[in-house]
Amino acid sequence: MSTSNTASDNNAAAIETSNADKTKPLKEKELIKKWVELGLMIDWISTQSNTEIESLSTYLEGEVTKLVESFREISASATVQSQNVAAIIETSTNVHINQKYVPLIDVIQDLDDLMTLMINDIVDISKSAMHMVYIMQHAIDNASQINHSLDSIYAITRDTKYLAVNALIEAARAGEAGKGFAVVANEVSELSESTESLANKMGEDIKSFTSQLNEGFKLLEDIASKDLTEQMNTKEEIDATLTALVQQTKSQRVVLEETAQTSTDISDSISKLIMAMQFQDYTTQRLQHLITASEGFKEEINNTIKTTEQSNILDEQIQELTEEQAMAMLDKFSLSNIKKNYLKSFNNEDTQEDVEKEITEDDDNIELF
Amino acid sequence: MEIKAEHNENEVKVYISGKLSFKDHPEFNSFIEEIAVSKKNVLFDISDLEQIDSAGIGMMFLSQKVMEEAGASITIRNPRGQVKRVFEITSIEKQIPVINDN
C-alpha cells in the first residue's frame, strides 16, 4: 500500500514538476531557447568552418605540390645549365684535333716548338748556304788557277814548237848527219802540237765548267742573300697572339666557372627550398586536428541540444536556425566570398569551388570594411 | 758594314758596325781567315751593329767554325735593337756565348 502510494506520489510529483516547468517564467524559457539557438548556430558555423578548412587544406596541398614540382623543374634546369657550362669549359680549353681533344695549352706549346724548329731550320739553311757560297767561291778561284796553269802550258808548248822548228833547221844544215836529229825534232813538234790540242780541249772544258760554276754560284747567291729575318720575326707575332689567346681563354674559363658555380648554387638553393616546403604536410595535419576538435565540440553541443529537447522544458522544438539569425551573424563577416559560402551552406548548396575561387582571385577583389 | 780589329795579347777584338748582310761575305770571310791565323780568341763587339740579316747570322756561325778549327773561340758582345731581337728569336746564345755590359 505504501509502495503504491509512493509510486502515486512520485507520478504526482512529476506532473507537478511538469506543470511547474510549464509555468516557469517566460524569461527563463527564452533564455534556454536562446542557448539552444546559439548551439544550433555554433553547429552550423562549425560545420561550414570545417568544410572551409578541408577545402583550404586540399587546395593548399595541391598548390604546394604544383609549386614544388615547378621548383624541381627549375632545379633540374639549373643542374643541366651547370653541366652545359662545364661542357663549354671543357671544349673551350681543348682543341679537337685528329678525333681527340688536346688541351689548348699543349697545342700552343706544340706550335711554339714548331716555330722554334722552323727558326732553327732557317738558321741552319742560312749557315749552310753561306758555307756553300764560300766553297763555290773557292772552286771558282781554283778554276781561275787552272786557267793560269793552262796559259803556262800554252807558253811552254809555243816555246817547244819554236825549239822543234829551230832543231829542224839545224838538222837540215847538218845534212846527212842531221837526219836522225830531224826525226826527233819532228816528233817533238808533233808532241807539242798534241799538247797544245789537249790544252785547248782542257781550256774549253775549264771555260764550260767555270761558266756553269758561275751560274750555280749566282743561283746560290740569290738563295743565300734572301733575308729570312722577316720569317723569324713571325715567331714573335705568333708568340704574342698565342699568349693573348691563352690569357683570353683563362679569363673566359674564370667567367664560365663562376657561371657554373652560380647554376649549382641556384640548384642547391631550390633543393633547400623544396625541402622547406614540406611544411604543407605539417599544416595539413594541424588543420585536421582543428577539424577533429571542432567535430568533438559539435557533438557535445548537439548532445546538449538533444537533452534540452527531450526535457520538454521548451514549449516548442527548435531544430533549425532562421535566415534572420544566420544573416545577423554573417553581417560580422568582412569578406563577401566567405559570406556567400556560408549562405550557400545555409541553403545546403556546394561551396567547394567557391573556396578555391576565392583564394585564387586577385588581392584587388578583397573587400575591406 | 765596317769591320776593324784590335789585336791584344790574348784576344782579338773585332768591331763591326752598320749592317751585316750577304753582300759583305767576301770581306767578312777574308777578315776572319786572316785573324784565324793568329789562333787567338775573338771578341765581336757589335754595339754599333744596327742590322743583321739571316746571311749575317750564317756568317757569324761560320766564323765560329773557322775559329774553332784554328783552336780558338768567339764571343759576341752587346747586341742592340734589331740585332738583339734576332739573336733572341734564334737563341744564338745557345751556340755562341753572348755577353752584355748592362
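Lettering follows sequence order; numbering is per chain, from 1. All values below were derived from every heavy atom in this structure, side-chain atoms included, with hydrogens, water molecules and symmetry-related copies excluded.
A tilted orientation is assigned to the rings of B/His25 and A/Tyr134, their planes being inclined by 30° to 60°.
At most 12 non-hydrogen atoms from other residues, nucleotides or ligands lie less than 6.0 angstrom from CD of A/Glu230. Heavy-atom contacts from other residues, nucleotides or ligands closer than 6.0 Å to CD of A/Glu193 number more than 12. Atom CD of B/Glu93 has more than 12 heavy atoms from other residues, nucleotides or ligands within 6.0 Å. Within 6.0 Å of the CE atom in A/Met132, the count of heavy atoms belonging to other residues, nucleotides or ligands does not exceed 12. Counting non-hydrogen atoms of other residues, nucleotides and ligands closer than 6.0 Å to OH of A/Tyr154 gives a total above 12.
Using a 4.5 Å heavy-atom cut-off against chain A, the contacting residues of residues 48-67 of chain B are B/Ile52, B/Asp53, B/Ser54, B/Ala55, B/Ile57, B/Gly58, B/Met59, B/Phe61, B/Leu62, B/Lys65. By a heavy-atom distance cut of under 4.5 Å, B/Gln82, B/Arg85, B/Val86, B/Ile89 are the residues of residues 75-89 of chain B near chain A, going up by number.
For A/Glu221, the parts lying under 4.5 angstrom from a heavy atom of chain B are both the backbone and the side chain.
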